[in-house]
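Down below is the structure, laid out as structure tokens.
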Amino acid sequence: MNLTKPKFSLLHIEDDPSLVKLVKIAFGKFGFSGESMSAGSVNEALELLNARERAGEPFNLILTDIQLPDGTGLDLIREVRSSPYWRLTPVIVLSSEVAPGTIDSAYTLGANCYVPKLSRGTRILDSLKALYECWMERAILPQSHPIDRVQDLLARGVALRTRTADFYMGLARVFEAVPEEEGFWLDRALYEGNISNLLGFFRGSLRGADPPLKLLEHIDTMQVRVRGALALAENHFKENSVPSPVEAYRWVLEIMDVLDEEIFAKVLGLLFPREPVATGALMARAAGQMRDLAARVLERTEEPQLHVKAARLRAWADRLNEGVPESQI
């Protein structure tokens with residue numbers, strides 16, 4: 001492969017600037033003269049990937065660390081593999097994290113290769129040289145193709161809802177000794193699963209749809225924010241595997257905080273003319289879940305900040321419920 005062609009582009013996700021610089025210099029000495037871009041966090045990488053997708057400028061290779069400020073390389077791999085645009089792009093892990101469980105998880109999620117930054121008897125430059133020769137000199141890499149933006153956003157929405165359902169299932173397991181609390185989180189997990197199925201249903205009816213580009217960009221931005229908030233909640237859960245109910249409510253309200261009511265309304269406006277019954281069901285379930293969460297927070301917590309967020313969520317649920325067809329209530 002001729003790496004002097006500017007079309008070859010590398011994305012490196014690493015929060016250590018000195019290592020980013022070392023990798024760039026090393027690859028340059030090995031012969032690489034294509035484009036190299038870097039991101040210092042999961043969220044920054046996802047924003048960059050979304051911007052490149054919108055511009056139709058794919059990366060040929062993604063190189064990521066595991067430990068990042070706002071999540072892990074595993075989060076990034078999961079997002080890349082759930083995207084129709086990026087799912088074929090090779091993802092190489094370059095990390096000092098060598099726990100067998102982490103390595104297994106990386107491959108399970110879809111990593112193509114896992115390279116330790118340091119290994120016994122091997123210098124970092126030796127590891128970089130081997131990585132470069134295999135993946136950037138000899139390998140024939142897949143080519144990205146243009147895709148339907150609406151279908152891509154719906155596919156990401158399905159993946160995001162499925163991931164959120166898994167998060168709620170984890171909370172349900174924590175509270176299995178308290179049936180009422182367990183049931184609350186199981187209900188939310190079931191709701192997310194149902195919404196995931198509805199989004200999958202909309203993929204067929206929206207095939208070939210041509211909504212305003214600005215709306216697609218707004219949805220894209222909101223999805224990035226939701227992914228970031230969900231990753232933060234997942235990290236809280238990892239650090240505190242036995243949270244109190246109030247802590248769990250706080251994590252979920254932080255996720256709800258990044259949702260944009262105006263964008264949500266515009267999405268419903270796009271869906272309703274095509275699938276009025278399914279859209280009505282989506283509105284009714286969303287309003288019900290918002291109202292239930294708000295009521296629970298207001299009844300079971302005393303923190304003023306949580307009460308403010310819950311009241312705002314309940315008001316949104318009421319406005320959403322006003323637009324639900326009577327047959328869906």
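Remember, predicted model here, so these are calculated numbers, not experimental data.
- The heavy-atom pair separating Gly193 from Ala165 by the smallest distance is N-CB, 4.3 Å.
- Under the 4.5 Å side-chain heavy-atom criterion for ILVMFWY residues, a single connected hydrophobic cluster contains both Leu128 and Val115.
- The main-chain N or O of Leu46 is found under 3.5 Å from a side-chain atom of Asn50 such that the two form a donor-acceptor pair.
- Linking Ile, Leu, Val, Met, Phe, Trp and Tyr residues whenever their side-chain heavy atoms come within less than 4.5 Å leaves Ile124 and Ile25 in two separate clusters.
- The CD atom of Glu239 lies 12.0 Å from the CD atom of Glu234; values are rounded to the nearest 0.5 Å.
- The 12-atom threshold is not exceeded at CZ of Arg314, counting heavy atoms of other residues, nucleotides or ligands nearer than 6.0 Å.
- Distance alone, capped at 3.5 Å, places no donor-acceptor pair between the Ser196 side chain and the Glu192 backbone.
- Taken to the nearest 0.5 Å, the CG atom of Leu61 stands 9.0 Å off from the OG1 atom of Thr89.
- Between Pro116 and Ser127, the shortest heavy-atom distance links the atoms O-OG, 3.6 Å.
- A donor-acceptor distance shorter than 3.5 angstrom exists from the side chain of Asn60 to the backbone of Ser9, with no hydrogens or angles considered.
- Ring geometry for Trp251 against Phe167 counts as tilted: the plane angle lies between 30° and 60°, on a 0 to 90° scale.
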Practice problem: With side-chain contact (heavy atoms from CB on, under 4.5 Å) as the test, would you mind laying out the steps for Lys24 and Val20 before giving the verdict? | Solution: CA-CA 6 Å; Lys24 190 170 185 176; Val20 172; 5.6 Å; no
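- Ionic pairing of Arg163 and Glu79 is present here: one or more N-O contacts between side-chain nitrogen and carboxylate oxygen are shorter than 4.0 angstrom.
- Of all heavy-atom pairs spanning Leu48 and Ser38, the tightest one is CD2-O, 4.3 Å.
- A salt bridge links Glu133 with Lys129: at least one charged nitrogen is closer than 4.0 Å to a carboxylate oxygen.
- A distance-only check finds no donor-acceptor pair linking the side chain of Glu47 to the backbone of Val224 [under 3.5 Å].
- In this structure, Asp257 and Arg312 have side chains that are in contact, with non-hydrogen atoms separated by less than 4.5 Å.
- Judged by a 6.0 Å distance limit and a 45° cone about the ring axis, Arg300 is not positioned over the six-membered ring of Tyr249.
- Between Glu14 and Lys21, none of the side-chain N atoms (NZ, or NE/NH1/NH2) sits under 4.0 Å from a carboxylate O, so this pair counts as no salt bridge.
- To the nearest 0.5 angstrom, Thr221 atom OG1 is 11.0 Å from Leu216 atom CG.
- No donor-acceptor distance shorter than 3.5 angstrom exists from the side chain of Tyr191 to the backbone of Gly288, with no hydrogens or angles considered.
- Here CG of Leu141 is found 14.0 Å from CZ of Phe59. Values are rounded to the nearest 0.5 Å.
- Hydrophobic clustering (side-chain heavy atoms under 4.5 Å, transitive across Ile, Leu, Val, Met, Phe, Trp, Tyr) groups Ile255 together with Leu253.
- Counting heavy atoms from C-beta outward, Ser83 and Glu53 have side chains that approach closer than 4.5 Å.
- The aromatic rings of Phe32 and Phe8 stand perpendicular to each other, their planes meeting at an angle above 60°, with 30° marking the opposite boundary.
- Counting heavy atoms of neighbouring residues, nucleotides and ligands inside a 6.0 Å radius, atom CZ of Arg225 does not exceed 12 of them.
- Between Gln151 atom CD and Leu153 atom CG the span is 9.5 Å, to the nearest 0.5 Å.
- Between the Asp70 side chain and the Val42 main chain, a donor and an acceptor come within less than 3.5 Å of each other.
- Tyr85 has its side chain out of reach of Leu49: every pair of non-hydrogen atoms, C-beta onward, lies at least 4.5 Å apart.
- One hydrophobic cluster, built from ILVMFWY side chains closer than 4.5 Å, holds both Leu160 and Leu259.
- Electrostatic pairing of Asp292 and Arg188 does not count as a salt bridge here, judged by no charged N lying under 4.0 Å from a carboxylate O.
- Nearest heavy-atom pair across Met222 and Val258 is CG-O, 4.0 Å.
- Residues Leu10 and Met37 have side chains not in contact (no heavy-atom distance under 4.5 Å, counting atoms from C-beta outward).
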Exercise. Would you sort out whether Tyr114 and Ile66 count as a side-chain contact (heavy atoms from CB on, under 4.5 Å), showing the intermediate values?
Key: CA-CA 10 Å; Tyr114 200 110; Ile66 287 293; 3.4 Å; yes
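- Taking OG from Ser41 and CG from Asp65, the interatomic distance works out to 12.0 Å, rounded to the nearest 0.5 Å.
- Put simply, the side chain of Arg156 reaches to within 4.5 Å of the side chain of Arg227, judged on heavy atoms.
- Here the side chain of Asn112 pairs a donor or acceptor atom with the backbone of Val91 at under 3.5 angstrom.
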Exercise. Decide side-chain contact (heavy atoms from CB on, under 4.5 Å) for Val246 and Leu306; before the verdict, give the C-alpha distance in whole Å, the side-chain angles of both, and the deciding distance to 0.1 Å.
Key: CA-CA 9 Å; Val246 174; Leu306 295 186; 3.9 Å; yes
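- Residues Asp75 and Arg78 are paired through a salt bridge, judged by an N-O separation under 4.0 Å between the basic side chain and the carboxylate.
- Looking only at side-chain heavy atoms (C-beta outward), Lys238 and Thr72 come within less than 4.5 Å of each other.
- Counting heavy atoms of neighbouring residues, nucleotides and ligands inside a 6.0 Å radius, atom CE of Met256 exceeds 12 of them.
- Contact of the Ile77 side chain with the Val93 side chain is registered, since non-hydrogen atoms from C-beta on lie closer than 4.5 Å.
- When every heavy atom of Gly40 is checked against every heavy atom of Leu68, the shortest pair comes out as O-CD2, 4.3 Å.
- Between Pro245 and Glu181 the shortest heavy-atom distance is CB-OE2, 3.8 Å.
- Within the 4.5 Å cutoff, no side-chain heavy atoms of Phe175 are placed close to those of Leu186.
- Checking side-chain atoms of Arg81 against main-chain N and O of Arg87 turns up a donor-acceptor pair under 3.5 Å.
- Note on Leu298 and Leu320: separate hydrophobic clusters, where clusters join Ile, Leu, Val, Met, Phe, Trp and Tyr whose side-chain heavy atoms are under 4.5 Å apart, directly or indirectly.
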Quiz item: Going through the checks in order, is the side-chain contact (heavy atoms from CB on, under 4.5 Å) test met by Leu94 and Val23?
Solution: CA-CA 10 Å; Leu94 178 65; Val23 170; 4.3 Å; yes
